[in-house]
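Quick note on labels: first sequence line is chain A, next is B, and so on, each numbered from 1. All values derive from a computational prediction rather than experimental measurement.
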Amino acid sequence: MDAVFSDNQNQFRQEVRDWLSANVPGERLPSLDTQEGFDLHRAWERKLHAGNWGMVTWPEEFGGRGCSLTDWLIFEEEYYRADAPLRVSQNGIFLLGPTIMEYGTDEQKERFLKPMAAGDEIWAQAWSEPGAGSDMAAIRSKAVRDGDEYVISGQKIWSSRAVFADWCFGLFRTDPESSRHHGLSKILVPLDSPGLTVRPIAQLDGDPGFAELFFDEVRVPVNNLLGPENGGWGVAMATAGFERGLLLRSPARFQAAAARLVKLYKQNANRLSSGIKEQVLQAWGDTERFTAATYALVAQVDSGASISSEASANKIFWSEMDRAMHRTAMTIMGMHAELEEGDGAIENGRWLDGYMFSLAGPIYAGTNEIQRNILAERVLGLPRQ
Amino acid sequence: MDAVFSDNQNQFRQEVRDWLSANVPGERLPSLDTQEGFDLHRAWERKLHAGNWGMVTWPEEFGGRGCSLTDWLIFEEEYYRADAPLRVSQNGIFLLGPTIMEYGTDEQKERFLKPMAAGDEIWAQAWSEPGAGSDMAAIRSKAVRDGDEYVISGQKIWSSRAVFADWCFGLFRTDPESSRHHGLSKILVPLDSPGLTVRPIAQLDGDPGFAELFFDEVRVPVNNLLGPENGGWGVAMATAGFERGLLLRSPARFQAAAARLVKLYKQNANRLSSGIKEQVLQAWGDTERFTAATYALVAQVDSGASISSEASANKIFWSEMDRAMHRTAMTIMGMHAELEEGDGAIENGRWLDGYMFSLAGPIYAGTNEIQRNILAERVLGLPRQ
Amino acid sequence: MNLIYTSDQQELIDAADGFFAGEHTVDYMRHLLESDAPDDTPSLWNNFAELGLLGLVAPEENSGLAQDFSVMAGIAEMAGNVALTEPLIEIAGISVPVLAEMRATEELNAVISGDLKILPVCGLSGMVSHADKADMFLIGDGGKARLVDKSDVTLTPLKSIDPLRKLYKVSHAGDGLEAIDRRGTILNASFLCGLSKRMVTLSVDYAKDREQFGKQIGSFQAIKHQLANVHTQIEFTRPIVQLAATQNGRCVHQAKVSSIDTAMLAAETAIQVHGGMGYTFEVSLHMFMKRAWALCGEWGDRNHHINILETMILADDAELGPGTTFSY
Amino acid sequence: MNLIYTSDQQELIDAADGFFAGEHTVDYMRHLLESDAPDDTPSLWNNFAELGLLGLVAPEENSGLAQDFSVMAGIAEMAGNVALTEPLIEIAGISVPVLAEMRATEELNAVISGDLKILPVCGLSGMVSHADKADMFLIGDGGKARLVDKSDVTLTPLKSIDPLRKLYKVSHAGDGLEAIDRRGTILNASFLCGLSKRMVTLSVDYAKDREQFGKQIGSFQAIKHQLANVHTQIEFTRPIVQLAATQNGRCVHQAKVSSIDTAMLAAETAIQVHGGMGYTFEVSLHMFMKRAWALCGEWGDRNHHINILETMILADDAELGPGTTFSY
């Protein structure tokens, strides 16, 4: 057991740092939930790809560097240190890409991975349905086989990036007789397909970060099936698996936020209530706990162990840490917390946006209530209800 | 709406203060869960009774002063201000006494109320059973009618004061065919009855604060039935009702603890972490909230309104406030928190004892989990499971 | 000592509640939100005047109802329950009694009849919601209340997270006055209680409606217990707010701190219960949640009031402990 | 960068775990508790020597196993899991490495063979558990480690809430030494993790066994979620403790603070799950809960470590943020 970065790791870090320092845009890009912001974020993905930094853990044959997860953590740290743009292609490169590598045919790998890595095709998720949120096995959207095509009907919701993206992937019921986890298939669908309507969902912050997708007899070739027909649940669970989920929430994101919180605290210290200081320490301390735990988990994964229910504790911890940290920022800002613009607004409302975003943490990707059930039943062995 | 004590109330407060100041023992009595302490606490009850301060809200005919509940709050404030002894007779005077006034026959009132008020007969509770804790309707101890007597068999647990008390009251199943809330009766039993074994339960602090009661064909006259046969659930619910439950946890107790906490804080302030100060403010602030809420509730009761589910919010609030307050004291004491005696021990371990006692708050008289169910279902109208 | 409303007082509060619930509906708010020219939506101001709400705490000689300030606090909670978008509480609850104390009879009468809007300014922030609709401002300056004409100040627009709060910074805010700040703090706390209550109600409705795993989500203990916790906090915040409305002193600051903590908890719990739906405009929660976040910082933020409480409670001569109840 | 134990290291930890679980059972502890002459109960000390635990981190030239300190931390967690009543961790984990650093070869060899007990003293408190069984004490004084013979100090008995902790105040405690305090802090944090884990295990067992309302109480979400919370806190405390055992600096203090908070939460949750039964001697919980309360204050209490963290994290030159991981 050691906590020392190797010479190779330090060299890798320096390389990342140098490239980012030369290439990260000087100003924060507009929100990727606007057309302008989306386009600029897509351009940034292309730049990353050109520098061969698009997805360092991907194998070299698919445009990656074949890095270990520990290297990925280092990459992320430098990425957040440079305050580089959000990854508009994250649904593709983090979630779908690795799934295609595992389950895809050679044709699918050839067809999808390169444009995904290059930022030429941006992917949206299409998991949830109005009646199937936390309970994803309640999916009802169906894909009926008709010759060489599937005919898809139904409705999806909370489709992130879908407003401006090119493709979506999701689960559809291919066996009409089936129920719950059975009879589902993972299918890839172009968002400009005839019969597919994308309706933006106006969010708290006014931007359409999500969309509803209405499928009215949308036809896609059977080649767009990923993995076995009726075996989509297993494929989806692999996508939702820890190793990949982790990539969306490396410690770097929280280290960056906690360091900003320390700064916010120092700027306001003289007017704050006495308890704030310890809340700030707690935020930083929890970040260090999350960092240590993540490096330990990644060491296990890199050494070949597989991770399953640990993901639930992980989800609970980071999401509640993130919410608490942003709540503290709200309390520090006090009378200026509500301001998005104007005299007194702090960082143009970035903490406020962050707080609203953090409130979604305990909800998405399986609510924390569900994660607690999983921990209690599968890890602690308490009886099901 | 006003928050001003009337002249009469101020005069009453002064009278209580004067009497207590002249009569409260100079030193804290030994624990009432020891024989010596029990005897000294009984003697104190007799003294209170002699001064006509035993139970100020009881009607004058039963040895009280017929005071309002607001007066009772004032009495309690002065009682805690004087750091007067715990009420060893509380099961009787607060819980059973009012029930006898409501449900008892004239003979029962005559027989039981006076010795109860005088401290001559100290009462224990006999509610819970090993299989019926939070779920009291699961009671199995039975009382079989045999001529003019009930023959009682079964087991009770968590019987407070039973080790040294004279009588107990509890619920027993008088209809053998019944289940759940039906077929139970409230019966009064002398603790020295043949066939009744009292086994002290060694507690965390080593003292036998509770006992198990084993009933092996214990015979009591049918006159010891309180209220209707098989109607004991309703009688018991009346006993557990808010107005009486309140008497055991008037704001005074928490005001006294919170004021001691402020003092403890000041004595240690220079070595404490920065967050403690706000925890102490929270403790005092919550006490003020509890005080305001209690005076408001009592005003409603004194004006004739009845209180039911409010009792659940009340229970949750005071018990968690009390636990948090004592936890803060533990954190303040730090390395000395564990000490009951010896160099460095603070107030002879009083905070430590208080912390252990406070941990029982969210458990007894219906766990806080059950109180939350009650609130959610009966007050908020959420569906039962 | 009688910490409850008389039946007459309760009737006034219930009447206001009924009016708000009937007129200031979610649909009304949506109309305000969606309209590009919100002035098309009829103001309720004339109704407030007709109902006597504007003169609720004004002296009888000014055609006021001469009610206790605690009744105003009760009405502020009802206004919070509907997230009232007009500055009724600020004008009727702060400006009116201060105008009466100033003996500014002419202005007072005009305000009560609904013909003049005088908005109070918090000296701490200088931020005023609906400042564009004010005719005059009430500021505290050098220990005195002072009226400032709209034409004598500059209003700089700010952008609040709550689009129904048209927020401005006022160029002359003064340095504050206890008579203004105290009332502002109490009514703000009461309004926050109403918002918290409404967020619980919306969550309960949603939890009864929404099914997952074949059950109403409101039947799960995890949901029940979270909402029961918020309910408990509200039930133990309202009385300290009412006490603050009845008696000045440290309970004013405690009321504000408790109402902030309760509102923040209510909002976090409500969105957790609503899941992703809480993020949409379709569901009404956002209107109440955003207002709550905005109001937490008004009339002194949490830091401000905790800092004052600290000096009061930790003072060597602080009246603490049993036997000193409400005697500070 | 490899924050996991090698398989050899893990084997040593597992072996210690197996030994503790087999020998230091609840029955063994009950025997100690109930016996008026606890010395009748055989000590496990000779076993510790035979198993090589006493020399685990000692150099090979002293017949030690020359293991990393992080392995000792792993074993301390296992000791916490059984609430070990003998000062193995203190002697093998603190005194032994410091003796090696002092090159006190004679004493070191005697300690490793189990013939001599040298107990470390925390300069902050001067309180030492099992001090009556020590032959010598290791104190930090004037920046140096020093051995003090038992006959040169006075032991004053104290009464801890934990009857299995025979606690004494030592008359010469010294002013502390980083080499002693740091190891004490880390091992204490690790021991607390073990206690927390055990309190969860006991609660899970109880919740599976106990029925109310016709169901196992462990099937209720309210119980499940409380225990899941404690489990989560433990899983995010152990790694920072292991990091602290591998790398010095601020994570040592963070490890201690997190382990205290986790243990306090574990105890409160465990007693809530156990209900009234948690208050009885019949159920084993009390032995672990009391030990946890006692150990929270050892080797610097929460205030002490938070105050140090504060200066470290709020320092102007603190290494914070991404890109500085583990680089302090």
Students often mix this up, so state it plainly: with edges at 30° and 60°, are the rings of A:H181 and A:W233 parallel, tilted or perpendicular? perpendicular
Hey, can you tell me if C:H305 and C:H253 have their rings parallel, tilted or perpendicular (30° and 60° cut-offs)? tilted
Selection from [options] maximising heavy-atom pairs under 4.5 Å formed with chain A:
options: C:L285, C:L295, C:I271; value: C:I271
options: C:P157, C:A222, C:A294; value: C:A294
options: C:M277, C:M289, C:H274; value: C:M277
options: C:M127, C:E282, C:H286, C:E298; value: C:M127

Can you tell me which portion of C:S125 sits under 4.5 Å from chain A's heavy atoms? Options are side chain, backbone, both or neither. both
Toward chain C, the part of [X] with a non-hydrogen atom under 4.5 Å:
X: A:R327; answer: side chain
X: A:Y355; answer: side chain
X: A:I332; answer: backbone
X: A:L352; answer: side chain
X: A:A138; answer: neither
X: A:S128; answer: neither
X: A:A132; answer: backbone

Pair count under 4.5 Å, heavy atoms only, with chain C: among A:G133, A:G342, A:A337, A:G349, highest is A:G133
Identify which of A:R180, A:M333, A:R323, A:H336 forms the greatest number of heavy-atom pairs closer than 4.5 Å to chain C. A:R323
Electrostatic pair C:D205-C:R210, nearest N-O below 4.0 angstrom: no
Could A:R253 and A:D322 be called an ion pair, given the rule that one side-chain N must be under 4.0 Å from one carboxylate O? yes
Judged by atom type as modelled, is there a donor-acceptor pair below 3.5 Å linking the side chain of C:Q272 to the main-chain atoms of A:P362? yes
Under 3.5 Å, side chain of C:N307 to main-chain N/O of A:R271, donor-acceptor pair present? yes
Cationic tip of A:R260 above A:W351 ring, under 6.0 Å, 45° of axis: yes
Ring centres under 6.0 angstrom apart (A:F210, C:Y279): no
Does A:R378, at its CZ atom, have more than 12 non-hydrogen atoms belonging to other residues, nucleotides or ligands within less than 6.0 Å? no
